[in-house]
Structure formats: structure tokens, C-alpha cells
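Heads up, the thing below is written out as C-alpha cells.
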Amino acid sequence: MQQITLTQPDDWHLHVRTGDMLKTVINHTAKQFARAIIMPNLQPPVSNVAQALSYQQEIQQATSSAYAFTPLMVLYLTNSTTIEDVKQAAESAAVQAFKLYPAGATTNSDQGVTDLQAMFPVFEAMEKHHVPLLIHGEVTDAEIDIFDRERLFIDQKLRFIHQNFPALRIVLEHVTTREAVQFVQETPANIGATITPQHLLYNRNAMLVGGIKPHYYCLPILKRESHRLALVAAATSGNPKFFLGTDSAPHLKHLKETSCGCAGCYSAYGAIELYAQAFEQANALDKLEGFASFYGADFYQLPRNTKQITLEKIDWQVPNDYAIAEGMQLTPLKAGEMLHWKLKG
């Protein structure tokens with residue numbers, strides 16, 4: 001197969017930052033995706049509708065007029081989020097969901113939720129107003145092994161939320177384990193999951209063998225090969241509960257390559273090509289369109305896109321870096337390596 005034509009996909013989990021970084025990365029997304037769920041973990045976080053509208057405007061102003069791209073906004077769930085905040089979000093055409101970061105779980109999550117049970121009135125309001133809850137599913141206890149944090153969050157936290165709010169629409173973001181896949185498969189249709197390209201393509205050896213490679217470091221962290229294979233099976237199964245979410249998370253090169261430990265892989269430059277590589281390796285290119293273009297829109301109860309994109313079987317080399325500002329670079333996932341599919345046009 002030398003060419004694939006797909007209904008234009010959407011990215012259901014994306015970080016674009018602000019300022020110079022935003023101006024560089026947003027058009028990488030807009031050239032291939034029609035819509036993207038925009039993560040709210042800025043500093044300070046995007047935690048109310050007014051802030052979301054302001055951030056949406058900044059994104060739209062940074063996006064080239066050559067692209068018809070719609071940023072879909074998300075509010076950051078904090079200990080101070082109120083039922084009125086949920087009501088306002090439900091009434092806003094711009095806001096699609098709330099994002100739950102357990103405090104300390106990942107980049108800019110220090111203002112995240114510290115007591116899940118205290119949030120039950122907010123979850124009840126979200127269930128009532130049909131506002132989805134997007135979850136970074138990891139426990140943050142310092143004594144817990146980092147490779148077990150997703151599994152334990154599901155067992156100790158997520159099942160409890162779902163049992164108490166069975167109609168609440170939940171997306172378990174960037175699933176990384178066999179246990180997460182099984183949880184999503186076993187629950188009703190109002191529970192979905194996004195899967196990233198790095199978790200489909202790599203296991204933890206990519207980050208650790210031959211020296212630590214910081215540009216493969218993300219949270220939740222890459223896991224064993226058995227977990228990667230479970231993710232590939234889920235993504236290529238045709239199960240509509242699993243859909244595309246890159247979790248593309250840009251960080252300046254000099255901050256990734258230090259002891260700061262910035263978590264995130266930058267994949268937006270060639271996201272659909274990375275997914276095509278993963279699906280081709282699994283002999284499942286015929287399943288890519290559903291995963292990339294249909295299931296996420298269906299879950300969010302939005303219309304499917306009608307435009308199309310085409311990928312060609314052409315080898316091309318990923319740039320080593322992208323310039324952000326004078327003297328500052330962004331290093332992409334697979335920097336300097338070859339990709340075998342390329343977006344046409």
C-alpha cells in the first residue's frame with residue numbers, strides 16, 4: 001500500500017503551551033487535525049470559562065489562516081472548583097470537559113486535586129450536566145513504584161469514582177498498562193481512553209537501554225513490552241472506546257536535558273504519521289481511520305469530520321530540533337530518525 005486516505009482526524013489530548021512555544025507547535029497540529037482537546041495545565045492553570053475563552057483566542061490567533069482548526073477547551077479541576085463552575089462549563093460552547101490531575105502527578109499539576117472524595121459534589125454536577133471528566137490516572141504516593149502508579153490509581157481511585165457516578169463520562173487519558181485496557185473494556189460505553197503514539201511504538205527499553213534518553217520520558221512512564229502489546233491490540237481492535245490522543249507535550253530542549261525531569265514527548269510534528277507506523281507494524285492500517293477519525297468524535301458527541309487527508313508511503317527524516325526562540329530549541333520524538341509515512345500537501 002503506497003497511499004492512505006482518511007477522514008481528517010482529531011487529537012483528543014494535546015498540550016500547546018503559550019507564547020513562542022504555542023506559535024511554533026500549534027500549526028504542526030493544525031496541518032493534520034481538525035480539532036484538538038487542549039490541556040489546561042498552564043501556569044496559572046486554565047480553571048474557569050473566562051480563562052478558557054482567553055486561551056482559546058490566543059490559540060486561534062497563533063494558528064495559520066491556511067488551516068481550519070478548532071481548539072476544544074478543557075478546565076483544570078482544582079480543590080476550589082465549584083458546582084457553578086461546572087454549570088458554566090456545560091453552558092459554554094467552547095468548553096468540552098474538566099481535567100483531573102492528582103496533585104503532583106505530572107507537569108504543572110501542583111494545583112491539582114488532593115482529596116477525591118471532597119470533589120464528589122462536583123462530579124455529581126458533571127454527571128448531571130453531561131460534562132466529561134478527563135483523568136491523568138496515577139497515584140502520587142512517594143513510596144509507590146512509578147511503574148505501578150496507573151494500575152493502583154485504577155484499583156484505588158477510578159473504580160470508586162465510577163461506582164459512585166456510573167453515568168459520568170470519563171476518559172482515562174494516555175493509558176499505558178494492560179490493566180487500564182482491561183478496565184476500559186469491562187466498563188460501559190461512557191468510559192473511554194486515549195492512547196499516545198509513544199506508548200504504541202515503544203516500551204521502557206527505548207528510554208533506558210544504552211543510557212537515559214530524556215526525550216522518551218513521559219508520564220505515565222513507558223512500561224514493559226507486554227503492556228505495549230496490550231495497547232496495540234486495543235488501538236487496532238476497532239473497539240470505539242479507544243481513540244487517538246497524542247499527549248504531545250513540548251518542552252524546551254535545555255529543560256528536558258537536565259536534572260529537572262520534564263515529562264513529555266513532542267509528537268505533534270508528525271503525529272498521524274507516527275500512528276500510521278504503529279498501525280502498519282501491527283498489520284492494521286485498515287483500523288486507523290476509526291481510531292483516529294471517528295471514535296473520539298463519537299465519544300464527545302460531536303459530528304465526525306467530512307474533509308479528508310492523505311498519507312503517502314515516503315521515507316523522510318525527522319528534524320533534530322525545531323527553533324522556538326533565539327537560542328532555544330524543541331526536540332521531537334524520533335529526532336533525526338526516519339518515518340515511512342508522510343502527510344500529503
Side-chain angles (χ1 to χ4, degrees), residues 6 9-15 29 32-33 35-37 39 97 99 106 132 134-138 147 149-151 153-154 158 169-187 189 191-204 206-207 216 218-249 263-268 270-300 333-334 341:
L6 307 171
D10 302 298
D11 187 346
W12 300 103
H13 185 157
L14 179 69
H15 300 267
T29 288
Q32 56 192 302
F33 296 109
R35 299 169 291 203
I37 284 281
M39 290 295 107
K99 179 63 180 280
T106 189
L134 317 183
I135 298 180
H136 181 113
E138 291 189 286
F147 292 101
R149 290 182 176 185
E150 180 179 87
R151 175 178 60 82
F153 182 90
I154 292 168
L158 185 53
R169 283 193 290 152
I170 295 173
V171 179
L172 184 55
E173 302 277 24
H174 44 44
V175 291
T176 66
T177 59
R178 179 176 56 248
E179 291 84 1
V181 168
Q182 291 171 346
F183 172 81
V184 174
Q185 289 171 333
E186 293 167 0
T187 49
I191 308 295
T194 55
I195 306 179
T196 76
Q198 65 265 24
H199 290 108
L200 291 175
L201 289 168
Y202 303 111
N203 61 37
R204 61 191 186 182
M207 181 179 62
Y216 289 83
C218 59
L219 291 172
I221 201 163
L222 297 172
K223 303 296 197 301
R224 290 180 179 273
E225 176 67 1
S226 59
H227 295 294
R228 187 190 73 83
L229 292 174
L231 298 176
V232 171
T236 60
S237 67
N239 186 333
K241 292 163 68 70
F242 299 96
F243 42 90
L244 185 156
T246 64
D247 191 25
S248 181
C265 299
Y266 182 64
S267 60
I272 194 63
E273 292 100 329
L274 290 164
Y275 281 109
Q277 179 171 321
F279 275 65
E280 183 178 42
Q281 288 174 358
N283 295 313
L285 279 172
D286 60 315
K287 302 293 187 181
L288 179 59
E289 185 175 39
F291 175 84
S293 309
F294 297 155
Y295 304 151
D298 295 347
F299 185 90
Y300 279 90
L333 187 69
K334 289 184 74 71
W341 290 95

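None of the values given here were measured: they were computed from a predicted structure.
Taking both residues in full, the closest heavy atoms of Cys265 and Cys218 are given as SG-CB, 3.9 Å, listed atom of the first, atom of the second, then distance. Taking each heavy atom of Leu200 and Arg228 in turn, the nearest pair found is O-NH1, 2.8 Å. Closest approach of Thr246 and Phe33 over heavy atoms only: CG2-CZ, 4.5 Å. The heavy-atom pair separating His136 from Pro220 by the smallest distance is CE1-CD, 4.0 Å. Here the shortest heavy-atom pairing between Ala180 and Ile154 reads CA-CD1, 3.4 Å. Residues Lys241 and Thr187 share a closest heavy-atom pair of NZ-O, 3.1 Å.
Every side-chain contact (heavy atoms from CB on, under 4.5 Å) that Ala292 has, sequence neighbours left out, goes to Pro9, Leu244, Ile272, Leu288. The side chain to side chain donor-acceptor pair (under 3.5 Å) search around Thr177 returns Glu150, not counting sequence neighbours. Every salt bridge (Lys or Arg N to Asp or Glu O under 4.0 Å) that Asp298 has, sequence neighbours left out, goes to Arg304. Checked against side-chain contact (heavy atoms from CB on, under 4.5 Å), Ala36 has the following partners two or more places apart in sequence or in another chain: Asp11, Leu14, Thr29, Ile38, Phe69. Taking the side-chain contact (heavy atoms from CB on, under 4.5 Å) definition, one finds that Gln185 meets it with Val181, Gln182, Asn239, Phe242, sequence neighbours left out. Taking Phe299 as the reference, Arg169, Val171, Phe243 meet the side-chain contact (heavy atoms from CB on, under 4.5 Å) condition, with sequence neighbours excluded.
Atom CZ of Arg224 has 12 or fewer neighbouring heavy atoms from other residues, nucleotides or ligands inside a 6.0 Å radius.
When Trp12, Tyr295, Phe294 are each tested for a ring pair (Phe, Tyr, Trp, His ring centres under 6.0 Å) with Tyr300, only one passes: Trp12. Of the residues listed (Asp247, Leu231, Leu201, Leu222), the one engaging Thr196 in a side-chain contact (heavy atoms from CB on, under 4.5 Å) is Asp247, and it is the only one.
Between His174 and His13, the two ring planes are tilted [angle within 30° to 60°].
Using a distance-only test at 3.5 Å, with no hydrogens or angles considered, no donor-acceptor pair links the side chain of Lys223 to the main chain of Arg178. The backbone N or O of Gly245 lies less than 3.5 Å from no partner atom in the side chain of Thr194, so there is not a single donor-acceptor pair.
Atom-to-atom distance recorded for Met39:CE and Leu134:CG is 5.5 Å, nearest 0.5 angstrom.
Side-chain contact between Phe279 and Thr236 is present, with heavy atoms from C-beta onward closer than 4.5 Å. Between Ile221 and Met207 the shortest side-chain heavy-atom distance falls below 4.5 Å. Looking only at side-chain heavy atoms (C-beta outward), Tyr202 and Leu333 come within less than 4.5 Å of each other.
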Test side chain to side chain contact (heavy atoms under 4.5 Å, CB included) applied to Leu158 and Ile170, step by step
CA-CA 10 Å; Leu158 185 53; Ile170 295 173; 4.2 Å; yes
The test is ring-ring contact (aromatic ring centres under 6.0 Å, His included); show your working for His227 and His199 and say whether it passes.
CA-CA 9 Å; His227 295 294; His199 290 108; over 10 Å; no
